[in-house]
Amino acid sequence: MSEIAGQTGLRAGATAVVNESYSFACMRCGHGWEQSYEIEHHTDAAGHEFVLYVVDGKVVPSPLSKPECHNCDSHVVRIMRPGRVASARDAAHRPHRVPPPAGPVEGPTADAETGTAAGEEQREHHHWHLSDLLHPFQRKAS
């Protein structure tokens with residue numbers, strides 16, 4: 001998510017510039033967008049470090065402090081790693097595979113419950129219980 005840039009193009013007093021990108025999604029209206037920032041690292045006169053977020057040459061507020069939706073001005077915005085909005089848009093435009101409809105369900109008939117067919121049917125449709133599944137792991141008494 002971060003990349004240290006060279007010393008070229010720094011504002012006065014900046015010691016380094018880090019490029020970071022984020023994906024944003026509004027939890028109110030569903031609008032999604034991505035933004036890249038140049039994060040300039042500075043030191044003030046008292047020796048305290050601070051950063052400036054820059055977009056298109058303009059200093060902007062930190063997107064991590066109070067992000068705002070560009071669509072509805074809501075502050076309920078989720079911040080994600082870069083590429084998440086683009087991958088969601090790509091997935092929305094891919095053709096969806098719909099599974100074929102299920103066939104008819106056959107239930108036992110009164111004729112099938114009599115005779116040897118009932119015994120065979122019971123063996124095929126065994127209802128499992130937790131104890132059946134744990135049986136191989138049970139200790140045998142010595």
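A quick note: this is a predicted structure, and the numbers were derived from the prediction, not measured.
- One distance of note links OG of Ser23 with CD of Glu34; it measures 3.5 Å at 0.5 Å rounding.
- For the residue pair Val54 and Val60, the shortest heavy atom distance occurs at N-CG2, 4.5 Å.
- The two atoms that bring Cys29 and Asn71 nearest to each other are SG-ND2, 3.3 Å, heavy atoms only.
- Clustering ILVMFWY residues whenever any of their side-chain heavy atoms sit less than 4.5 angstrom apart, transitively, puts Tyr53 in the very cluster that holds Trp33.
- Side-chain atoms of His75 come within 3.5 Å of backbone atoms of Pro67 as a donor-acceptor pair (strictly under, hydrogens ignored).
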Requested in this report: In sequence, state the C-alpha distance, the side-chain angles, and the governing distance for Ile79 and Leu64, and then conclude on side-chain contact (heavy atoms from CB on, under 4.5 Å).
Outcome: CA-CA 8 Å; Ile79 303 170; Leu64 306 177; 3.9 Å; yes
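- Side chains of His42 and Glu40: a donor-acceptor N/O pair is present below 3.5 angstrom, by distance only.
- Of all heavy-atom pairs between Glu68 and Val77, the closest is C-CG2, 4.1 Å.
- When all heavy atoms of Asp44 and Phe50 are compared, the pair lying nearest together is N-CE2, 3.7 Å.
- Checking Thr43 against Glu49 by side-chain atom types alone, no donor-acceptor pair falls below 3.5 Å.
- For the atom pair CZ (Arg78) and SG (Cys26), the distance works out to 13.0 Å, reported to the nearest 0.5 Å.
- Rounding to the nearest 0.5 Å gives a distance of 10.5 Å between CG of Asp56 and OH of Tyr37.
- We find the CG-CD distance between Leu52 and Glu38 to be 11.5 Å, quoted to the nearest 0.5 Å.
- Here Ser36 pairs with Ser21 under the side-chain hydrogen bond (donor to acceptor under 3.5 Å, both in side chains) rule; sequence neighbours left out.
- Among all heavy-atom pairs drawn from Phe24 and Met80, the shortest one is C-CE, 4.0 Å.
- For Ser74 (side chain) and Arg28 (main-chain N/O), no donor-acceptor pair under 3.5 Å exists by modelled atom type.
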